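To find a chain, count down the sequence lines: A is the first, B the second, and so on, and within it residues start at 1. Hydrogens, waters and symmetry mates are skipped; everything else that's a heavy atom, side chains included, is used. Everything numeric in this text was worked out from a predicted model, so none of it was measured.
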Amino acid sequence: MRQRRRDILIVGGAATLLPLLPLRAVGEETAGSVVGLLGQCAVDRGGQGHPMPLKLGDAVSITDTIEVPPDGKLKLRMRDGSVISLASGTRLTIAAYQIDASGQRQNAALSLAQGLLRAVVAPVDHPSTFEVSTAVGTAGVRSTDWFIAAQPGATQVGVLEGSVVLRSAATAHFVLIPARWGARVEAGLDPVPARTWSPAEFQAVISRTDVP
Amino acid sequence: MAVRCLAVAIGIAGAPGPAGAYTASGDRNFPATLILPQLAPGDELYLNYNMLPLSGSGAGAVSRSTNFTVVYGKTITDNLGIFLEETYTGDAVGGAGTLWGWQNQTASIKYLAVNNLDHEFIMTLGLDRETGGTGAVRVGASSSGATTPQLYFGKGMGDLDIGYLRPFAITTFSAVTLADTAPRRDVVSNGFAVEYSIPYLQSKVRSFDLPAPIDHLTPITEVLFTSPVGRSYGSRSTALIAPGVSYAGEGWEFAVEAQLPATRATGNGIGVTAQLHIALDFFFSDTIGKPLFSNP
C-alpha cells in the first residue's frame, strides 16, 4: 500500500513537472527581456508568422523576430547585460545568444532585416562574438556602444565607443571602425572607408533609438 | 608644408600652409595631399620629405633643397582646428656643401565652413601665421613674418551619374601671403589636385577583384602656382606639377609624388616628395584624437 502510494506520488509529481520541462527548455533559450517600450511592438516566436504584442518584462528568445512599428521603439536587456535599443520600423531576429554559466556571452548573432538599432555590448573576459548581420554585411564587436542601420541596399554603422568590424557579405572585405567614426557598405561592393561622424549624425541615430 | 617648402626652395616667401590631410565628406575620402595644404582641420600627424633640384649654379647658389617637415593637427571643435608646423631644411650650396637649419615656425587655424555629405562638397577657411625670425637665415628663413588667408574647396563626383568617373574628385586651394615687412613680398598661391580613388570605385561603383595594394591606391596629380604681387623684389612666378599615388591603410596613408617644375624659376629637374600621414583620430579616438570640445 505504501509502495503504491509512493508510486502514485512519483507519477503524480512527474506529471506535474512534465509540463514545466518545455518551459525550462524555453527558459534556457531566453536571450533577454523588454525593459523599455513605446508603441505596439510585437514578437514572432520562432518565426511562426503570428506576431504577439510585447509588454514590459516579456522575455525574448532565440529565433524570435521582433517588430517595432513606425511609431514605436523598444529596449531589450540581454542576459549578458548588453542593452539593445530598436528604432521605429525595425525588424530584428535573434539568431543566437549563448550565455555561459557565469552569465557571460559566448556568442550572439542578430539579424537586422530593416531599421536601426543601438547596441551597448557588455564586456566579457574571454573570446566571444557579438554580430549583427544585414542583407549586405555583417558587423562584429566585442564590447562597445554602436549603431547599425539596415537600409535598402546598404548598411551603415556608427561607433560611439570601442570598435566595430564591418564586413561586406559580397566581397568579404572589411573595414575597422573606431570610436566616433562610421562606415557603410552597399550591396555587392566593398565597405566604404571609415570616416569620422559629425555630432549631428550621431545625434540623429541616438534620438531614433532613445527609448524613454 | 609643401607650399612653404617650394617657396623656400625657389627663394620666395610662398604661401604657408600645413601638410595635406585626408578629409571625408559623406562616403568620399579626400586623401592627404603633399603639395597643396589640406582641406580641413583634423587630429593628424604628418611626416613629409621633399627634395627639389633648383636652378642655382656656381658659388653661393642653392642647387638642391631638401626638407623634412612635421605637422601636428589638433581639433578644437568638430569644425575648428589648429596646425603646428616645423620644417628642417638642407640647402646644397655651391662651394659650401649643404647648409642645414630650421624654417620659421608656423601655426594656422582652419574652419570647416561647409561639409555637404550628399554632394561630397567641402569648403574651408584658413588663416596661417608665420613667425618671422624664428628660423635660420642660411636656409632662407625670413626675418619678416607673414599672414596668409586661405580658401579651400573639395568636390567629389560621386553624386553625379557618370559611372566609372564617379571616383574622381578635385580639390582647390587659394591663398594670399601678406608679408609683415619689406623686402619680403606678398605672394598669391593657387593650386588644385585631381584624384581618382580606387577605394571609392570598389565601394561605391563596382567591386573588381583587384589585388592588393592596387585596391587601396589613389592616383593623384597636384598642381601649384605662385606669383608675387605688388613689388616683386626680383622673384618670379612658379608652377609645379606633382603626379603620384597615395596608399590608404587603416588609419594611415603613405604617398609619393614626383615634382616636375614647369618653369625655370620653380626648379631645375625632377624632384620627389613622400609623406606618411597618421590619423590620430583613428588610433586615439577616445583621447588625443578627438576634439577638445565635442558632443557626443
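Expressed to the nearest 0.5 Å, how far CD of A:Q156 lies from CG of B:D27 amounts to 7.5 Å. A:D190 CG to B:D215 CG: the interatomic distance, rounded to the nearest 0.5 Å, is 7.0 Å.
With a 4.5 angstrom heavy-atom cutoff, A:P191 touches chain B only via backbone atoms.
The two residues B:D286 and A:A179 have their closest heavy-atom pair at OD1-CB, 3.3 Å. The two atoms that bring B:S207 and A:L189 nearest to each other are N-CD2, 3.3 Å, heavy atoms only.
Two residues are said to be in side-chain contact when any heavy atoms from C-beta on lie closer than 4.5 Å; A:T171 and B:Q202 fail this criterion. Annotation: side chain of B:D78 is in contact with side chain of A:P199 (closest heavy-atom distance under 4.5 Å).
No more than 12 heavy atoms of other residues, nucleotides or ligands shown are found within 6.0 angstrom of CG on B:D209.
At distances below 3.5 Å, at least one donor-acceptor pair connects side-chain atoms of A:R195 with backbone N or O atoms of B:G26.
We find that A:R180 and B:D281 are not joined by a salt bridge, their nearest charged nitrogen and carboxylate oxygen being 4.0 Å or further apart.
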